[in-house]
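One structure is given below, encoded as structure tokens.
What you see is a predicted model; the values in this text were computed from it and never measured. In what follows, chains are A, B, ... by sequence order, proteins preceding strands, each numbered from 1.
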Amino acid sequence: MADESGSVLELQGITKRYPGIVADDRVDFDLRRGEVHALLGENGAGKSTLMNILYGLTKPDEGEILVGGKHVSFSSAKDAIESGIGMVHQHFMLIPVMTVAENIVLGVEPVRDGVLLDERGAEERVRELSQQFGLAVDPTALVSSITVGQQQRVEILKALYRGAEILILDEPTAVLTPQEAGELFAIVRSLQADGKSIIFITHKLNEVLEIADRITVLRRGKRIDTVSRQGATEEGLARMMVGREVLLRVDKAPASPTDVALEVKDLQVVDERNLEKVRGVSFTVRRGEIVAIAGVDGNGQTELVEAITGLRRIASGTVAVRGREFEGHFTPRMMIDAGIGHIPEDRHRRGLVLEFNLAENIALHDYDRPPDSKRGWLYPARLVQRAARLIKEFDIRGGGPLTLARALSGGNQQKVVVAREVARNPVALIAAQPTRGLDVGAIEYVHRRLVAERDAGRAILLVSLELDEVLSLADRILVMYEGRIVGEHAAGAGEEEIGLEMLGGRKEAA
Amino acid sequence: MSEQATPSANVPPEQEPSTDFVVRLGVAQRAGGLVVPVLTAVLAFLAGGIVVAATGHNPLTAYRGIWDGAGFNWIFHIPWNTNTVNLDAFNLSQTLLTTTTLILVGLAVAFPFRCGLFNIGGQGQYLVGLIVANWVGVSFASWPTLPHVLLGIGAAAFAGAAWAGIAGFLKATTGAHEVISTIMLNWIAIWGGQYLFGQGGPLQNTYNTAAPESGTVVQSAHIPVFWGNPVLQGLDYGIFVAIAALVVFWLILNRTTLGYEVRAVGFNPEAAAYGGINVRRKYIQAMAISGAFAGLAGALDMLGYLFQFGVLDVQASQIGFLGIAVALLGRNTAVGTGIAAFLFGGLLYGTTRGLNPSVFDPSLAGNLTSMIQGLIVLFVGADVFVLYIWNSRRKLRPRRRAEAAAA
């Protein structure tokens with residue numbers, strides 16, 4: 001689009017080393033005036049480090065930064081801002097109790113009579129800017145009262161107010177709903193039309209193909225390639241990101257379910273405030289099939305999983321594992337011993353003890369039995385041995401048995417959880433949002449693993465908020481809405497119908 | 001530090017994690033750290049020095065006086081003269097006597113800390129142990145020394161465990177916060193002790209009913225002295241019990257399933273419950289073990305050198321509270337608690353009876369102890385802040401390293 005107009009920004013041979021690793025290794029990057037240049041890479045590929053260098057938050061060990069053809073050296077974000085660079089962080093930096101206009105002018109307030117904040121002037125200026133770029137937001141509203149999507153616009157306005165010509169958007173859609181993401185893309189296009197240049201950081205392939213003019217892919221700190229959108233495909237980009245062929249579609253044979261492994265009957269669960277969260281749910285999962293529970297967040301899926309795994313007391317009903325029935329009060333220990341494996345929806349809160357090393361985390365269900373321990377005595381060496389084995393078997397990277405779980409990337413942390421749960425050879429594996437927050441390579445891994453475990457004869461109960469995931473993995477789909485199962489579908493059911501049921505559509509029709 | 005060490009010798013070489021110094025230091029920091037406690041102590045002593053200077057004294061002279069008073073100078077007088085007629089040797093033996101108590105009351109705070117509990121009740125548990133040890137020591141006069149001492153120690157540890165266990169039980173069953181309940185249990189122990197030893201109390205001495213004091217522990221329940229003159233409060237074998245307790249503490253935490261559970265609950269109770277651990281039971285067990293350490297401290301003091309306790313002593317006793325500072329400075333590790341106890345033992349004795357009054361007014365020096373103690377608690381409490389300054393760079397590193405490694 002503006003290919004002739006030359007670079008407004010150039011990074012040459014940027015290298016940044018941290019003890020033990022090279023975060024960025026001689027990375028070149030250039031941004032043309034009026035273009036959207038996507039920076040694509042998995043978590044930890046060096047995108048954030050590169051942008052932190054560009055925004056003056058970190059100093060590079062080697063390399064040059066040129067803005068408008070001139071060499072610059074930033075020692076703080078202030079320097080970067082003065083060079084016309086603005087950044088919208090993934091986590092917003094707004095003061096909730098202040099108005100939109102106050103947040104935007106913060107630090108560079110327009111002043112009247114020498115000392116007083118020119119509130120009217122600030123609002124006026126903000127209004128002008130938001131009209132100019134189609135960023136609809138009320139300057140007088142309190143930040144705490146506006147939506148996340150609007151807060152993001154405030155962040156963009158903040159950068160524009162400070163005279164940004166180059167905007168860095170760091171994973172801007174991570175916090176947005178699909179609709180809000182669409183609105184953001186419209187804003188990006190209008191900024192582009194106005195001659196702003198935009199660096200769009202993401203690891204989502206579809207977004208890149210929708211919005212970017214050119215795409216630079218980073219992998220393990222190295223620039224793999226810069227390509228233009230024309231001719232780029234999701235498969236090709238994924239291969240560059242991960243360094244190998246990635247199956248974006250899950251490849252699986254039809255299921256051949258056998259006997260019932262998990263049976264839930266008339267399950268009712270209430271939450272802490274005594275609100276009914278699960279209202280009489282019944283279903284079965286057979287060995288060798290993946291049953292997925294689809295639903296919008298907050299329709300009782302979390303409570304259902306907690307009830308089945310013994311983490312939450314049930315109000316009534318039964319859970320049977322391989323015919324062994326549990327009712328009333330049963331504990332996580334009992335369900336673990338009965339043969340349930342559980343990949344929790346929040347690996348930080350529940351799935352891992354982040355301050356424990358991998359060996360200790362992998363032993364979380366087995367530390368109190370041989371060979372890990374005998375008569376109360378723990379044998380750490382055996383924990384380490386098993387962990388070493390599983391780390392190899394499940395290809396967990398970024399550390400050994402003695403590495404703290406905290407130090408691993410999200411994908412590898414999830415692999416630790418998966419390894420622990422699968423290695424115990426459970427009859428039924430409950431996977432609650434198993435790919436939440438993971439990047440392409442890790443998602444592919446988890447999906448393939450779930451299918452493999454199905455084929456190995458386990459019963460898999462998948463709970464997911466991502467309809468795509470449900471559709472691509474499930475052999476049977478249950479739709480949960482307001483604590484009830486409102487629909488059941490075979491694999492290959494239509495997205496429309498399920499989507500409608502997820503929003504309670506069918507219930508109203510009935 | 002030692003607490004985190006899983007034996008690296010057992011790691012097959014190909015899985016050996018990165019062991020460069022910075023990484024290991026980072027692990028140590030999260031585990032309990034080296035830099036912060038040392039920095040904390042140094043800052044506290046510096047601040048103390050400024051106060052001393054403000055009173056018109058030379059801080060270096062004052063600290064030298066405390067150093068000598070604690071008997072630390074004995075270590076540098078080679079050949080070592082172990083005869084406690086020699087003042088330095090005597091001072092050191094007294095410092096070690098205090099260290100014994102401090103190790104145990106320190107462990108009483110450190111252990112529940114590892115389970116995510118803050119035990120403020122060390123003083124009460126200490127007093128309960130002391131009272132029970134006194135009762136055992138006054139009774140069973142016909143018993144031989146070894147069983148008599150063991151009974152006294154065992155009963156006191158058990159009583160302390162039961163006392164602290166109450167707070168653990170309340171936490172587990174009703175959710176009552178252990179800080180509140182242990183503080184209240186302290187007062188029950190203090191008033192209970194005053195009643196028991198007071199005039200007409202069940203444990204008051206029988207030979208001088210005018211004095212509100214306990215009976216005197218009979219000779220057979222005295223823990224034998226191995227350094228110094230038993231009549232002049234020599235150092236008894238209790239210190240080896242305390243050192244053994246440090247080892248036991250380390251073993252429980254790192255080599256037993258109970259310790260695994262306690263640490264899991266301390267780091268993340270939700271993950272622990274998910275793993276199948278009964279979190280509530282761990283609260284009770286951790287508190288009980290903590291109380292056993294404090295009760296043991298009371299027993300070693302009673303049977304080692306106090307032998308008798310009065311109502312006024314009950315009111316004045318503060319040593320259990322020092323356990324908080326010891327544990328905090330020792331970062332709740334075995335080695336750290338041992339070192340911090342020795343430091344505080346020296347400080348406590350070196351600023352009071354061990355101090356040469358001509359060097360520095362002991363009443364002023366005693367306040368210096370309290371001040372340094374307070375500053376340490378303050379700085380340790382503010383270690384987020386100290387760490388923040390120290391780590392502002394490093395904090396980001398493990399994450400970035402992980403990110404890059406994962407790519």
Q. Among residues 271-289 of chain B, which ones touch chain A with a heavy-atom distance under 4.5 Å?
A.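 B/A271, B/A273, B/Y274, B/G275, B/G276, B/I277 fall under the 4.5 Å cut-off.
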
Measure the [atom1]-[atom2] distance between [X] and [Y] for me, rounded to the nearest 0.5 Å.
X	Y	atom1	atom2	value
A/L383	B/Y260	CG	OH	6.5 Å
B/E270	A/L311	CD	CG	8.5 Å
A/R406	B/F267	CZ	CZ	9.5 Å

Q) Quick check: are there more than 12 heavy atoms from other residues, nucleotides or ligands sitting under 6.0 Å from CZ of A/R313? A)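 12 or below, so no.
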
Q: Could you tell me which portion of A/A363 (side chain, backbone, both or neither) has an atom closer than 4.5 angstrom to a non-hydrogen atom of chain B?
A: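 Contact with chain B is through both the backbone and side chain of A/A363.
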
Q | Structural part of A/Q413 lying under 4.5 Å from a heavy atom of chain B | A |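 Contact with chain B involves no heavy atom of A/Q413 at all.
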
Q | Between A/M335, A/R382, A/R333, the one whose heavy-atom pairs under 4.5 Å with chain B are most numerous | A |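 The option with the most such pairs is A/R333.
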
Anything under 3.5 Å between a donor and an acceptor, one on a side chain of residues 153-172 of chain B, the other on a protein residue two or more places apart or in another chain? List them.
residue, atom, partner, partner atom, Å
B/W163, NE1, B/L185, O, 3.3
B/K171, NZ, B/E178, OE1, 3.0

Q: Compare every heavy atom of B/N254 with every heavy atom of A/L378, then report the nearest pair and how far apart it is.
A: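 Nearest pair, atom of A/L378 first, then B/N254: CD2-O, 4.2 Å.
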
Q: Apply side-chain contact (heavy atoms from CB on, under 4.5 Å) to the pair A/Y367 and B/T256, showing each step before the final yes or no.
A: CA-CA 9 Å; A/Y367 69 92; B/T256 69; over 6 Å; no

Q: Sequence neighbours left out, what passes side chain to side chain contact (heavy atoms under 4.5 Å, CB included) with B/H177? Give chain and number order.
A: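 So B/H177 forms a side chain to side chain contact (heavy atoms under 4.5 Å, CB included) with B/V179, B/I180.
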
Q. Looking only at heavy atoms, which of residues 344-353 of chain A get nearer than 4.5 Å to chain B?
A.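 If one takes a 4.5 Å heavy-atom cut-off, the residues of residues 344-353 of chain A near chain B are A/P344, A/H348, A/R349, A/R350, A/G351, A/L352, A/V353.
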
